[in-house]
Every structure is written in C-alpha cells, then in structure tokens.
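Structure first, then comments.
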2 protein chains.
Amino acid sequence: MGASKKDFFTDEQNEYAILFRALAHPARVAIVEYLMGVGSCICGDIVSELPLAQPTVSQHLKELKNAGLIRGNIDGNSICYCLEENSFEKLQSYISAISVKLQNKKQICC
Amino acid sequence: MGASKKDFFTDEQNEYAILFRALAHPARVAIVEYLMGVGSCICGDIVSELPLAQPTVSQHLKELKNAGLIRGNIDGNSICYCLEENSFEKLQSYISAISVKLQNKKQICC
DNA sequence: TTTTAATATTGCAATAATACGATAAACTTT
DNA sequence: AAAGTTTATCGTATTATTGCAATATTAAAA
C-alpha cells in the first residue's frame, strides 16, 4: 500500500502532475520568481537569495530541471540557470482552458 | 532536519505552492478534468471513474477542497462537488504573467 | 425505527519529499 | 601542480504523502 498508482492514469495527467509538483514548494516558487526577475543567474546567486543551504538549493534546482521548468548551461565552472519558456506556456494553456471553460459555463454547483 | 522552512518564504509564495501542490498528483488532475467535463457531480461518480478506493478519493477531494480548488455542497445524503472558478483564475493570471514576460524578453540563457 | 446509501474519518503500512553536513567532481586561477 | 571556486552527489534523519480496510457519521428510504 501507499505505492503510487500513476500507471492507471493517462500520460498527460501524469505529465501535468509532474509540472505542478515541481512548483509545489515555496522554495521552488521563489526560485522561479527570482529567475523571472533577473532573467538568468548562477546557482550561487540563488543560494545567497534563499534561506537554504547550498545542497538543498541544488536539489530544488534539479527537480525544476527534471520537470523541464528550467534549463542550465555550463559557463566556466559555474552553471547558468533560466526559465524554460515552453513549459510555462504549456501550463498556461492548460490552466487557461479550465479557467475559460468555467467562465463560459457560469455553472451553479448543485 | 527535513522540517519544512515555509516560514522563511512569503505568504504569496506559500499560497501558490499550496495551489500547485493540490494539482501535484495524477488522481487530482483527473478529478479536476472530470469535474470540468461534467460541471458537477457527487463523490460516488468520481469513485466509479477512478481506479481508487472510496476513502482514497475522499482524501484527494479533501485536499483539493482545502486548497480551495473545489467546492462541496451538501445535497441530501450526498455531496455535490464542482470547481472553484476564482482559484483557477488566480492560477491562470500567475502563470500567464510568467509566460508573457518570457515571451517579451526572449532572453538567452547565458 | 430499521435499513440502506453516501461520505468522512481513523489507523496503519509503505513510499516519497525535505533538509543539510560531508564529500566529490570539475573548472579557474595562481 | 596546488589552491580556490562552484556545483553536484551521497548518506541520513525527519516529515509528509499515498493508499486502503475498517469504522463512524449523516441523511434518505422503507
């Protein structure tokens, strides 16, 4: 018991769950907001910005990267991170479709 | 260690993390999509639709409700659930702002 | 009132996520 | 080459999430 039943859901449902899960922590929300403000930066900048140790930040960056929300380019001995536009557009159209449908329907709940 | 450090982040960052967390499971994505399709339904309908036991579905519904993404109205001895428009609009404008900013900047990552 | 129906809650086992010290890996600078 | 800089990985403790059987709760129906 307790094992994930993700195999019983569609690939699309799992993909969106992975994207949302990547944003399901205030530290990762903060990283995204910071990257949105500065455009791009190295890991050390984020470590200075957040109240978290370097390995913890590194792990959060890894999760954002695995989910496809950020990209990291090697730049000398540091790594430059930035937001991945396509993934945010994908999320945007998904949420937007729900939002628009709800506005059009103006449904009453029971 | 391992304790959450949410107190070190802003209220807004925590609020969005809670919303995203509610969608961070394929079962809850499936519930939202189902509710979007049918408008509103009772818990039993979702139990029939998903490959999960009744207590598990009830728990997922509770999480979506706590996050403010769905609403439940008592209807006799059953409970009628539907999507909460405001929360999806809030998510929509948040993601949309990021997406638009990325499109405008056309930034190159390092 | 007894039975049936629909959900929620409890308790527990299994798994996943969070955080960070210690350390490794890789590149720069001296 | 040696030392310094930057980031990733490992190991581990703690906490949170997931899933469901059993049970409780609440309201309708008989």
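When reading the values below, keep in mind they use all heavy atoms of this one structure, side chains included, and skip hydrogens, waters and symmetry mates. On a predicted model such as this, the values are computed, not experimentally measured, just so you know. In what follows, chains carry the letters A, B, and so on, assigned in the order in which the sequence lines appear, proteins first and then strands, with residues in each chain numbered from 1.
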Pairs involving residues 26-77 of chain A, ordered by first then second residue, that meet ring pair (Phe, Tyr, Trp, His ring centres under 6.0 Å) (sequence neighbours left out): A/H25-A/H60

Pairs meeting criterion salt bridge (charged side-chain N to carboxylate O under 4.0 Å, His left out) with involvement of residues 90-100 of chain B, two or more places apart: B/E15-B/K90

Does any pair with a residue in residues 22-41 of chain A pass salt bridge (charged side-chain N to carboxylate O under 4.0 Å, His left out), and if so which ones, sequence neighbours excluded? A/R28-A/E63

If the cut-off is 4.0 Å, is [X] near the phosphate of [N], judged by side-chain N/O to OP1 or OP2?
| X | N | answer |
| --- | --- | --- |
| A/K6 | D/dT18 | no |
| B/H60 | D/dG19 | yes |
| A/T56 | C/dT18 | no |
| B/R21 | D/dT17 | yes |

To the nearest Å, how far apart are B/L50 CG and D/dG19 C1'? 13 Å

With sequence neighbours left out, write down each residue that passes ring-ring contact (aromatic ring centres under 6.0 Å, His included) with B/Y94, or none if nothing qualifies. B/Y16

Does the protein touch nucleotides 22-30 of chain C at the base, only the backbone, or not at all? Give it as B, S and - per nucleotide, heavy atoms under 4.0 Å. B----BS--

Classify B/S58 by what it touches in the nucleic acid, base, sugar-phosphate, or nothing, heavy-atom distance under 4.0 Å. base

What's A/L52 touching, base or sugar-phosphate or nothing? Going by heavy atoms closer than 4.0 Å. sugar-phosphate

With sequence neighbours left out, write down each residue that passes side-chain hydrogen bond (donor to acceptor under 3.5 Å, both in side chains) with B/T10, or none if nothing qualifies. B/Q13

